[in-house]
Amino acid sequence: MRFGFFLGAAFQVTDDVLNLVGDKARYGKEIDGDIWEGKRTLMVVRLFREGTPAERETLAGLFGPTKARETRT
């Protein structure tokens, strides 16, 4: 079970990175789709944590409200 967890995590991180920098023809999916869909990938979470205040503010503007906030309004 532990092997499956780590394999799945490795696959997900690889998929997330390819979504940012991959070649659309080779990757087979749209590039930057995770960002446009507002997904909080590992890279985005890290940028929120490690980024400068200006970078975090820009990132927050790109991601907008969370789905939970959207459903309450």
Side-chain angles (χ1 to χ4, degrees):
M1 184 161 137
R2 194 167 179 182
F3 175 77
F5 171 80
F6 289 116
L7 182 62
F11 173 84
Q12 189 59 57
V13 170
T14 301
D15 185 63
D16 292 347
V17 170
L18 286 172
N19 189 264
L20 292 175
V21 298
D23 175 18
K24 184 177 180 179
R26 292 181 69 199
Y27 178 54
K29 298 180 184 178
E30 70 177 336
I31 303 302
D32 298 334
D34 288 349
I35 291 175
W36 288 109
E37 293 172 17
K39 293 181 181 177
R40 271 55 172 191
T41 64
L42 186 60
M43 287 69 66
V44 171
V45 170
R46 175 128 188 191
L47 184 55
F48 268 117
R49 187 176 58 206
E50 305 286 331
T52 65
E55 289 169 333
R56 289 193 301 265
E57 185 177 329
T58 299
L59 198 58
L62 290 173
F63 279 87
T66 63
K67 295 289 182 195
R69 279 189 242 145
E70 288 177 6
T71 57
R72 281 188 276 178
T73 58

Is any side-chain heavy atom of D32 closer than 4.5 Å to a side-chain heavy atom of L20?
-> yes

Is any side-chain heavy atom of R56 closer than 4.5 Å to a side-chain heavy atom of E50?
->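 Side chain of R56 against side chain of E50, heavy atoms only: no contact under 4.5 Å found.
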
With hydrophobic residues grouped by side-chain heavy-atom distances under 4.5 Å, do [X] and [Y] end up in a single group?
{"X": "W36", "Y": "L59", "result": "no"}
{"X": "I35", "Y": "V17", "result": "yes"}
{"X": "V13", "Y": "L18", "result": "no"}

Look at the side chain of [X] and the backbone N and O of [Y], then say whether any donor-acceptor pair between them is shorter than 3.5 Å.
{"X": "D16", "Y": "M43", "result": "no"}
{"X": "N19", "Y": "I31", "result": "no"}
{"X": "E55", "Y": "T52", "result": "yes"}

Using side-chain hydrogen bond (donor to acceptor under 3.5 Å, both in side chains) as the criterion, list what pairs up with E57, not counting sequence neighbours.
->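 In terms of side-chain hydrogen bond (donor to acceptor under 3.5 Å, both in side chains), with neighbours along the sequence ignored, E57 is linked to no residue.
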
Quick one: salt bridge (charged side-chain N to carboxylate O under 4.0 Å, His left out) partners of D15, sequence neighbours excluded?
-> K29

Might you confirm whether atom CZ of R26 has over 12 heavy atoms from other residues, nucleotides or ligands at distances under 6.0 Å?
-> no

Closest non-hydrogen contact found for E30 with K24 is CA-CE, 4.4 Å

